[in-house]
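Quick notes on the structure that follows.
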Amino acid sequence: MAAARDLLPLLTLLLFAAAAPAPSAATKFVVGDKQNWAPNVNYTAWPDKYHFHVDDWLQFNYEKDMYDVVQVADEAAYQKCDPSNPVVRYDRGRNYVIQLNRTGRYYFICSRGYCWNGMKVTVLVEPRPAPPPSAIAPSASGAVPVTGVSSWALAAAAASLCAAVLDLPFAA
């Protein structure tokens, strides 16, 4: 029975961890939306519709053997459509997916001549916004007050689990 009581703080911690809100999920953006990575798309205006955050994904869908995706290091290479010193070059398959894993500006071009006709895009990646603060502040005792039906269900499940571990009778 003493060993079971030693597990009570761990069970409580696990229940609160399970009830905590999940971190916000990353978003996948298809470059060019339904037009994909192709000529005659306004890639200057495309990123203005979105906010890009760390851990989001860019997916370049393109016609095989026709186009490629080259990430260049800076604005100078981007403006000159210069693929000579690429960060990443991808020309296999029909798509390329990259995770935006740092803040700052990313530059992408098509190195097969289409860059000069506007087939290039730059995105600014910002830090992921902090999750909103909890609507219910902790009490002076440090316990978090719970309200609502879902909170009651969580409390009942916790009590039932604790009663089972401690070998106590419990009726919900």
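Positions are given from 1 along the sequence. What you see is a predicted model; the values in this text were computed from it and never measured.
- Note: the hydrophobic cluster containing Val87 also contains Val69 (ILVMFWY, side chain heavy atoms under 4.5 Å, direct or indirect links).
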Tell me which donor-acceptor pairs under 3.5 Å the side chains of residues 91-104 have, and how far apart each pair is, sequence neighbours excluded?
unit_1: Gln99; atom_1: NE2; unit_2: Asp55; atom_2: O; d: 3.2
unit_1: Asn101; atom_1: OD1; unit_2: Tyr106; atom_2: OH; d: 3.4

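- Side-chain atoms of Glu126 and His51, non-hydrogen and from C-beta on, do get closer than 4.5 Å to each other.
- Atoms CZ and CD, on Arg105 and Glu75 in that order, are 8.0 Å from each other to the nearest 0.5 Å.
- Asn36 places no side-chain N or O within 3.5 Å of a backbone atom of Ala38 that could act as its donor or acceptor partner.
- Both Tyr67 and Val31 are members of a single hydrophobic cluster when ILVMFWY side chains are connected at heavy-atom separations under 4.5 Å.
- Linking Ile, Leu, Val, Met, Phe, Trp and Tyr whenever their side-chain heavy atoms come within less than 4.5 Å puts Val121 and Val88 in one cluster.
- One finds a salt bridge joining Arg128 and Asp56 here, because a Lys/Arg side-chain nitrogen approaches an Asp/Glu carboxylate oxygen to under 4.0 Å.
- Looking at heavy atoms from C-beta onward, Tyr62 lies in side-chain contact with Tyr90 at the 4.5 angstrom threshold.
- The aromatic rings of Phe60 and Trp37 stand perpendicular to each other, their planes meeting at an angle above 60°, with 30° marking the opposite boundary.
- Using a 4.5 Å heavy-atom threshold, the side chains of Gln71 and Pro86 count as separate.
- Relative ring orientation between Trp46 and Phe52 is described as tilted, the plane-to-plane angle lying within the 30° to 60° band.
- Sorted by first then second residue, the disulfide (SG to SG under 2.5 Å) pairs that include residues 28-114, not counting sequence neighbours, are Cys81-Cys115.
- Here the CZ atom belonging to Phe29 is positioned 7.5 Å from the OH atom belonging to Tyr50, to the nearest 0.5 angstrom.
- Listed by first then second residue, pairs satisfying salt bridge (Lys or Arg N to Asp or Glu O under 4.0 Å) with a partner in residues 31-50 read Asp33-Lys49, not counting sequence neighbours.
- Criterion: ILVMFWY side-chain heavy atoms under 4.5 Å apart, direct or through other members. Under it, Met119 and Leu58 are part of a common hydrophobic cluster.
- Between the CG atom of Asn40 and the CD atom of Gln35 there is a distance of 8.5 Å, given to the nearest 0.5 Å.
- Note that the CZ atom of Arg89 and the CD1 atom of Ile109 stand 8.0 Å from one another [nearest 0.5 Å].
- Looking at Asp82 and Val72, their side chains never come closer than 4.5 Å, going by heavy atoms from C-beta outward.
- Taking both residues in full, the closest heavy atoms of Val41 and Gly32 are given as CG1-CA, 4.2 Å, listed atom of the first, atom of the second, then distance.
- A cation-pi arrangement is found for Lys120 relative to Tyr78, the charged atom lying closer than 6.0 Å to the ring centre and inside a 45° cone about the ring normal.
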